[in-house]
Amino acid sequence: MKLMIAIVQDEDASRLVNELMSEGFTVTKLATTGGFLRAGNTTLLLGVNDDKLQSAMDIIEKVCKSRRHVAPQMPAMASAMAGMYSAQPVEVSVGGATVFVLSVDQFIKM
Ligand code: 2BA
């Protein structure tokens, strides 16, 4: 069994959960915040059997779109530079999805 941790954009989250559930996956949805943009994103936890991993990955790839986001300033850099703040907006490409796949030692339901 694998644990998938998928960080996706809020705009894609609802449709992604619907599609995963309609294919029989069990999903836990967490409201999270990206460290760089300091904007909301969504993290999904999925416990999947090894033979279903690719199927889940295919759904994530199909649903999650890459988008351009503009950060008004660079908060991460600002705090690192103690007092210096870039006034220039920064445009970054976000997503489609960032997915971590971990091996599960035990899966217990009580
Ligand atoms: P954020 O940390 O808010 O990052 C949003 C986007 O900003 C990133 O998109 C990337 O294009 C850019 N970015 C992030 N850190 C940067 C940096 N130090 N310098 C320049 N640009 C930077 P994605 O790579 O698609 O990531 C989307 C979200 O996925 C991230 O939101 C974060 O919440 C998560 N994420 C991505 N990689 C991760 C990792 N290695 N570990 C943990 N979370 C990660």
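These numbers were taken from a predicted model, which means no experiment stands behind them. When a ligand or atom number is given, it counts from 1 through the structure's own listing order.
Across every non-hydrogen atom of Val70 and Pro89, the tightest pair is CG1-CB, 3.7 Å.
Heavy-atom proximity to Gly34, at under 4.0 Å, picks out these atoms of ligand 1: 1 (P), 2 (O), 3 (O), 31 (O), 33 (O). The atoms of ligand 1 that sit less than 4.0 Å from any heavy atom of Leu37 are 1 (P), 3 (O), 5 (C). The distance from ligand 1 to the heavy atoms of Asn41 drops below 4.0 Å at these ligand atoms: 28 (C), 31 (O), 33 (O).
In Val94, the parts holding a heavy atom less than 4.0 Å from any atom of ligand 1 are both the side chain and the backbone. Looking at Ser66 against ligand 1, nothing comes within 4.0 Å, counting heavy atoms.
Looking at Val8, Val99, Ile59 one by one, the single match for side chain to side chain contact (heavy atoms under 4.5 Å, CB included) with Cys64 turns out to be Val8. Test Thr32, Val27, Ile60, Ile7 against Leu44 for side chain to side chain contact (heavy atoms under 4.5 Å, CB included) and you get one pass: Val27.
Residue-to-ligand polar distances keep Phe100 apart from ligand 1: every N/O pair is separated by 3.5 Å or more. Polar contact check, Ser93 against ligand 1: a nitrogen or oxygen pair lies under 3.5 Å apart. In terms of polar-atom proximity, defined here as any N/O pair under 3.5 Å, Gly35 does make such a contact with ligand 1.
Under the 4.5 Å side-chain criterion, counting only non-hydrogen atoms from C-beta, Lys29 is in contact with Thr42.
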Quick one: do Leu102 and Lys2 satisfy side chain to side chain contact (heavy atoms under 4.5 Å, CB included)? Show the steps, please.
CA-CA 6 Å; Leu102 290 73; Lys2 299 283 190 278; over 6 Å; no
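Under the 4.5 Å side-chain heavy-atom criterion for grouping Ile, Leu, Val, Met, Phe, Trp and Tyr, Met21 is connected to Leu16 within one hydrophobic cluster.
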